[in-house]
**Q** 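Next up is a structure, given as structure tokens.
Each chain gets a letter, A, B and so on, in the order its sequence line appears, and its residues count up from 1. Worth knowing before you read on, the calculation uses all heavy atoms, side chains too, and leaves out hydrogens, waters and symmetry mates. What you see is a predicted model, and the numbers here were worked out from it, not measured in a lab.
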Number of protein chains: 2
Amino acid sequence: MSEQNKIPQATARRLPLYYRFLNNLHAQEKFRVSSKELSEAVKVDSATIRRDFSYFGALGKKGYGYNVEYLLGFFRKTLDQDDVTNIVLIGVGNLGTAFLQYNFTKNNNTKIEMAFDADKSKVGQEIGGVPVYHIDELEDKISDITVAILTVPVSEAQNITDRLVQTGASGILNFTPARITVPEGVRVHHIDLAVELQSLVYFIKHYPLDEVDGSQ
Amino acid sequence: MSEQNKIPQATARRLPLYYRFLNNLHAQEKFRVSSKELSEAVKVDSATIRRDFSYFGALGKKGYGYNVEYLLGFFRKTLDQDDVTNIVLIGVGNLGTAFLQYNFTKNNNTKIEMAFDADKSKVGQEIGGVPVYHIDELEDKISDITVAILTVPVSEAQNITDRLVQTGASGILNFTPARITVPEGVRVHHIDLAVELQSLVYFIKHYPLDEVDGSQ
DNA sequence: CTACACTTGTCTATATTTTAACAAAAAACA
DNA sequence: TGTTTTTTGTTAAAATATAGACAAGTGTAG
């Protein structure tokens with residue numbers, strides 16, 4: 001939806017970060033904030049922050065900065081914070097459980113509705129308020145689901161993905177090392193813990209004493 | 001160390017991915033592989049793969065592709081697979097436990113040596129073969145540690161970070177939502193699960209039916 | 001041995017992202 | 001009020017990353 005033409009992907013990836021930090025400020029009853037302060041807090045260059053914000057118009061005031069409440073309200077709309085996205089989680093191992101416990105309820109527009117696992121001993125429980133069903137029930141239970149979190153063993157990744165896509169999922173957050181294949185129109189973000197660790201080690205060994213932060 | 005001048009960071013982040021896939025091929029007793037095949041498997045454009053490899057010299061052969069064993073050996077050296085990096089993990093919650101169970105032993109140069117937690121009921125256990133110590137013992141136990149995985153509650157993040165830096169850590173893989181502050185020379189990679197989920201949702205809502213994969 | 005198909009390595013073009021710089025406006029202060 | 005300081009929004013430049021194209025080898029098949 002929306003009319004926002006051409007917000008760079010790099011910017012879009014930073015929006016949730018800004019949003020969360022603005023929430024913190026608001027909770028601390030701060031009224032104003034400058035791009036410089038924000039920069040120190042979220043470790044993003046202040047010019048980049050101003051540039052990011054400017055895609056949405058002139059949100060601040062020269063010599064003053066940004067009004068926290070106004071900015072927060074603006075981001076709430078932009079990030080559709082009032083429009084909850086239902087999410088399923090597949091694979092209730094340690095990683096999956098971590099997600100369920102976390103369960104983003106605080107200030108988010110995302111809610112994990114159900115979880116699935118192949119292990120019958122896990123079925124029937126509630127973890128972090130989320131019911132766990134057997135994976136065989138996947139197709140029966142999910143209908144209005146657009147996003148899935150995939151925390152299954154790598155051997156199951158493609159198979160489960162196919163089933164998710166079949167039922168209409170349009171986004172998958174993939175924590176398995178498998179680079180899954182999906183039809184066009186389905187978006188996959190890979191978070192590959194082993195790769196993250198390895199590349200951090202590589203950077204430390206080969207790019208000594210230098211710039212910090214190459215995340216995301 | 002090393003003489004590798006100027007490998008782009010984007011390339012460096014992909015190296016572990018290539019390495020792992022080459023290992024798979026080797027295990028399947030494949031002898032050769034083309035950039036096109038690799039491309040399909042790891043979802044990276046084949047020209048990008050060839051370009052990435054070319055930073056290390058001419059590793060392939062025209063009309064043939066790459067010899068799996070040779071390439072694997074080359075990457076093993078490049079990624080220092082024979083030089084194990086010792087890692088500590090701080091915070092043995094669900095996420096931390098997931099890491100410990102995972103424990104990268106398969107084909108990696110990274111080994112989690114010890115874990116720490118503030119909860120005494122966790123101290124003394126071994127999880128995934130890794131002993132868990134009390135956080136008070138941190139400074140006593142770690143000495144040759146360069147990399148730490150941070151899976152503690154957000155409120156503890158900066159405090160623990162300072163202690164890690166104090167003992168000489170030069171890299172931190174930070175899973176807390178806090179954007180921690182470190183002195184120059186210390187490298188931090190943030191993996192922010194809530195942000196990943198939010199930004200996936202944002203992309204799905206605002207960039208419909210389009211390109212796939214915006215990960216890392 | 002020749003012809004054809006394949007695939008690299010690289011060159012060049014394009015796209016994306018970050019950063020520096022600064023005029024213009026607002027605030028703070030004297 | 002007038003002067004100084006702050007800070008935005010934007011322009012322009014630089015840095016980084018991706019992708020198309022193709023010459024030049026190499027393998028393969030007849």
Side-chain angles (χ1 to χ4, degrees), chain A residues 4-15 17-18 22 25 30-68 70-71 74-75 199 203 206-207 210-216, chain B residues 4-15 17-18 22 25 30-68 70-71 74-75 199 203 206-207 210-216:
Chain A
Q4 47 61 245
N5 296 321
K6 301 281 170 188
I7 288 168
Q9 302 215 356
T11 296
R13 278 198 297 270
R14 285 187 290 263
L15 295 181
L17 193 60
Y18 298 146
L22 287 170
L25 287 180
K30 295 245 185 192
F31 289 110
R32 55 184 278 192
V33 66
S34 69
S35 60
K36 187 151 164 273
E37 290 172 88
L38 271 170
S39 171
E40 277 153 25
V42 301
K43 316 289 182 198
V44 172
D45 186 274
S46 69
T48 302
I49 291 175
R50 292 199 300 279
R51 160 76 93 174
D52 283 346
F53 287 3
S54 78
Y55 290 112
F56 301 101
L59 302 175
K61 216 190 266 184
K62 298 179 181 181
Y64 176 87
Y66 301 90
N67 178 291
V68 172
Y70 176 76
L71 202 54
F74 187 86
F75 273 109
S199 82
F203 278 117
H206 296 267
Y207 295 66
D210 248 89
E211 336 87 304
V212 181
D213 203 316
S215 53
Q216 314 303 327
Chain B
Q4 47 60 246
N5 296 322
K6 301 280 168 186
I7 288 168
Q9 302 215 356
T11 296
R13 278 199 296 270
R14 286 187 289 264
L15 296 181
L17 193 61
Y18 298 147
L22 287 170
L25 287 180
K30 295 244 184 193
F31 289 110
R32 56 184 277 194
V33 66
S34 69
S35 59
K36 187 151 164 275
E37 289 172 272
L38 271 170
S39 171
E40 277 154 26
V42 300
K43 316 289 183 199
V44 173
D45 187 274
S46 69
T48 301
I49 291 176
R50 293 199 298 280
R51 163 74 90 148
D52 283 346
F53 287 2
S54 77
Y55 289 111
F56 301 101
L59 303 175
K61 219 190 262 184
K62 297 178 181 182
Y64 176 86
Y66 301 90
N67 178 290
V68 172
Y70 176 77
L71 202 54
F74 187 86
F75 273 109
S199 82
F203 278 117
H206 296 267
Y207 295 67
D210 248 87
E211 336 89 303
V212 181
D213 202 313
S215 52
Q216 313 303 327

**Q** Determine whether A/Leu25 and A/Glu37 make a side-chain contact, defined as any pair of heavy atoms from C-beta on separated by less than 4.5 Å.
**A**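 Result no, sub-4.5 Å side-chain heavy-atom pair not found.
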**Q** Reckon A/Ser35 has a side-chain N or O less than 4.0 Å from the OP1 or OP2 of D/dT7?
**A** no
**Q** Of the non-hydrogen atoms in B/Arg14 and B/Thr48, which two are nearest, and what is the gap between them?
**A**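 For B/Arg14 versus B/Thr48, the nearest heavy atoms are NH2-CG2, 3.4 Å.
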**Q** Just so I know, are the side chains of B/His206 and A/Ile7 near enough to count as touching, which here means a heavy-atom distance under 4.5 Å?
**A**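 Side chain of B/His206 against side chain of A/Ile7, heavy atoms only: no contact under 4.5 Å found.
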**Q** Looking at every non-hydrogen atom in both residues, tell me the closest pair between A/Leu22 and A/Val68 and how far apart they are.
**A** O-CG1, 3.9 Å
**Q** Please examine the side chains of A/Leu71 and A/Tyr18, heavy atoms only from C-beta on, and report whether any two atoms are closer than 4.5 Å.
**A**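 Of all side-chain heavy-atom pairs linking A/Leu71 with A/Tyr18, none is under 4.5 Å.
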**Q** Quick check: do A/Tyr66 and A/Ile49 have side-chain heavy atoms less than 4.5 Å from each other?
**A**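 Side chain of A/Tyr66 against side chain of A/Ile49, heavy atoms only: no contact under 4.5 Å found.
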**Q** Looking for any heavy atom pair under 4.0 Å, which part of the strands does B/Ser46 touch: base, sugar-phosphate only, or nothing?
**A**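 If one applies the 4.0 Å heavy-atom cut-off, B/Ser46 turns out to touch nothing in the nucleic acid.
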**Q** Starting at atom OH of A/Tyr55, determine the distance to atom P of D/dT10, rounded to an integer number of angstrom.
**A** 11 Å
**Q** What N/O pairs connect the protein and nucleotides 12-14 of chain C at under 3.5 Å? Give each pair on its own line.
**A**
residue : atom : partner : partner atom : Å
C/dT12  : O4   : B/Arg51 : NH2          : 3.0

**Q** Which pair of non-hydrogen atoms, one from A/Tyr70 and one from A/Asn67, has the smallest distance, and what is that distance?
**A**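 Closest approach of A/Tyr70 to A/Asn67, heavy atoms only: N-OD1, 2.8 Å.
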**Q** For A/Ile49 and D/dT8, what is the distance between atoms CD1 and P respectively, to the nearest whole Å?
**A**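 Taking atom P of D/dT8 as the reference, CD1 of A/Ile49 is at 9 Å.
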**Q** Not counting sequence neighbours, which residues clear salt bridge (Lys or Arg N to Asp or Glu O under 4.0 Å) with B/Arg50? List them please.
**A**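 With neighbours one apart ignored, the set is empty.
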**Q** How long is the line joining CG of A/Asp52 and P of C/dT19, in whole Å?
**A**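 Checked: the CG to P distance equals 11 Å.
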**Q** Taking atom P of D/dG9 as reference, at what distance in whole Å does atom CZ of A/Phe56 sit?
**A**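 Nearest whole value for this atom pair: 13 Å.
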**Q** What is the separation between atom CZ on A/Arg13 and atom C1' on C/dT18, rounded to the nearest whole Å?
**A** 13 Å
**Q** Give the rounded distance in Å between these two atoms: CD of B/Gln9 and P of D/dT18.
**A**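 Value for this atom pair: 12 Å.
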**Q** By the 4.0 Å heavy-atom rule, please label A/Thr48 as base, sugar-phosphate, or nothing.
**A**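 Result for A/Thr48 = base.
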**Q** Name the residue closer to the 5' end of DNA chain C, choosing between B/Gly65 and A/Val44 according to the nucleotide with the nearest heavy atom.
**A** B/Gly65
**Q** For A/Tyr66, report the nucleic acid contact type (base, sugar-phosphate, nothing); a contact means any heavy atom under 4.0 Å.
**A** sugar-phosphate
**Q** To check you understand the geometry: which heavy-atom pair defines the closest contact between A/Tyr207 and B/Ala12, and what is its length?
**A** OH-CB, 4.3 Å
**Q** Take nucleotides 21-30 of chain C nucleotide by nucleotide from the 5' end and write B, S or -, depending on whether a protein heavy atom sits under 4.0 Å from the base, only from the sugar-phosphate, or from neither.
**A** B--BBBSS--
**Q** I need the CG-P distance between A/Leu59 and D/dT7, as an integer number of Å.
**A**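 Atom CG in A/Leu59 sits about 17 Å away from atom P in D/dT7.
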**Q** Within this structure, what is the OH-to-P distance between A/Tyr70 and D/dT8, rounded to whole angstrom?
**A** 15 Å
**Q** Mind checking A/Thr11 for me? I need base, sugar-phosphate or nothing, with any heavy atom below 4.0 Å counting as a touch.
**A** nothing
**Q** Strictly under 6.0 Å, is that where the ring centroids of B/Phe53 and B/Phe75 end up?
**A** yes
**Q** Which of these nucleotides, D/dT7, C/dA20, C/dT7, is closest to any side-chain atom of A/Asp45?
**A** C/dA20
